[in-house]
Amino acid sequence: MGSKVRAKCEEGVKAAHGRRVTQAGRTIVWLRGQDPKSYVVYRVPQGEDDRRSFDELPLEEIAAAALEFIESNGPSEQEDLVRGVLHELEFSRLTAAAREYLQKGLTFGIRRGLYKRSKSTYLLPDAEE
C-alpha cells in the first residue's frame, strides 16, 4: 500500500474513531461502539462487491459463524464444522491458507468460551461430552 493510500486509510480510521487490533498477523479495525470481546455476529456478502477474502475476516466472525453452525447442527466433527463455517460465510473454496486461518478462528472461539472441543468434536460449553 502506498503512503498516500495509507494516510487516507489512517484518516478514515481516526474519523470513525476506530481502533486497530492485530491478530494472527492481520490488522482489523473496530469502529466506535464495537467491542471485539463481546462480538458474536458475522457478516455475509450482500453482493459481489461485498465479498471479502479470508484474510479480511476478524477471528471473532469466524468464531461466531462456528457458534451459529454448532447451535443449528449440534455437536460437529472438525471437518463438518470447517465446511459449515465456509458455507455460513459464503465462501466456495477452501485453500490451505484459508483452512489454516479458519482453524485459528475456531481456536479463538474455544478460548473465548463460545464452544469447546472434545477430541475432534466441537460442542456447546454446557453440552455433555
Side-chain angles (χ1 to χ4, degrees):
M1 179 182 318
S3 61
K4 289 183 181 180
V5 172
R6 185 177 307 279
K8 283 291 185 190
C9 289
E10 291 291 327
E11 285 176 28
V13 169
K14 286 178 185 173
H17 303 283
R19 173 169 65 123
R20 270 188 230 84
V21 175
T22 301
Q23 52 183 214
R26 293 165 170 91
T27 300
I28 305 294
V29 176
W30 293 93
L31 301 178
R32 178 183 32 199
Q34 290 181 318
D35 180 8
K37 292 182 177 142
S38 62
Y39 197 80
V40 289
V41 297
Y42 59 94
R43 298 171 289 160
V44 294
Q46 301 301 307
E48 279 305 310
D49 292 341
D50 290 339
R51 293 221 171 267
R52 298 179 287 170
S53 63
F54 256 99
D55 63 349
E56 295 174 305
L57 295 172
L59 296 178
E60 288 84 355
E61 289 192 37
I62 295 171
L67 176 62
E68 174 81 19
F69 186 83
I70 295 166
E71 287 176 336
S72 297
N73 297 282
S76 302
E77 292 296 314
Q78 181 166 335
E79 190 58 29
D80 293 336
L81 182 58
V82 165
R83 295 284 173 192
V85 169
L86 191 72
H87 178 75
E88 293 282 341
L89 296 170
E90 296 189 13
F91 283 90
S92 57
R93 289 189 16 203
L94 184 61
T95 64
R99 179 182 288 278
E100 182 180 328
Y101 191 63
L102 207 148
Q103 186 59 52
K104 289 178 183 178
L106 297 180
T107 301
F108 182 84
I110 292 169
R111 284 196 320 260
R112 282 196 47 208
L114 298 177
Y115 42 83
K116 63 185 176 181
R117 182 177 177 179
S118 176
K119 298 182 183 169
S120 66
T121 302
Y122 290 79
L123 53 162
L124 295 175
D126 58 353
E128 295 289 323
E129 291 186 35

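- No side-chain heavy atom of L81 sits under 4.5 Å from any side-chain heavy atom of N73.
- A pairwise comparison of heavy atoms in F54 and A98 identifies CD1-CB, 3.4 Å as the closest pair.
- In plain terms, the two heavy atoms of G105 and A63 that are nearest each other are O-CB, 3.7 Å.
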*Trace of the side-chain contact (heavy atoms from CB on, under 4.5 Å) decision for L57 with L102*: CA-CA 9 Å; L57 295 172; L102 207 148; over 6 Å; no
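- Contact detail for Y115 and G109: the closest heavy-atom pair is OH-CA, 3.4 Å.
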_For a side-chain contact (heavy atoms from CB on, under 4.5 Å) check, start with the C-alpha distance between S118 and L123, then their side-chain angles and the critical distance, and finish with the verdict._
CA-CA 8 Å; S118 176; L123 53 162; 4.0 Å; yes
*Please lay out, stage by stage, how V44 and F91 fare under the test side-chain contact (heavy atoms from CB on, under 4.5 Å).*
CA-CA 9 Å; V44 294; F91 283 90; over 6 Å; no
_Stepwise side-chain contact (heavy atoms from CB on, under 4.5 Å) test for E60 and F108_ = CA-CA 7 Å; E60 288 84 355; F108 182 84; 3.5 Å; yes
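- Here the shortest heavy-atom pairing between A127 and K116 reads O-NZ, 3.0 Å.
- For the pairing with Q78, the side chain to side chain donor-acceptor pair (under 3.5 Å) check across K119, R117, R83 returns one residue only, R117.
- With contacts defined as side-chain heavy-atom distances shorter than 4.5 Å, the pair E61/R52 qualifies.
- I70 and I110 fall within a single hydrophobic cluster, where Ile, Leu, Val, Met, Phe, Trp and Tyr side chains are chained together by heavy-atom contacts under 4.5 Å.
- How far CD of E68 is from CG of L89: 10.5 Å, rounded to the nearest 0.5 Å.
- Atom-to-atom distance recorded for E100:CD and L94:CG is 11.5 Å, nearest 0.5 angstrom.
- To the nearest 0.5 Å, the span separating CD on E71 from OG on S76 amounts to 11.0 Å.
- Using a cutoff of 4.0 Å between basic side-chain nitrogens and carboxylate oxygens, R99 and E79 are scored as salt-bridged.
- I62 is listed as a side-chain neighbour of Y101, based on a closest heavy-atom distance under 4.5 Å.
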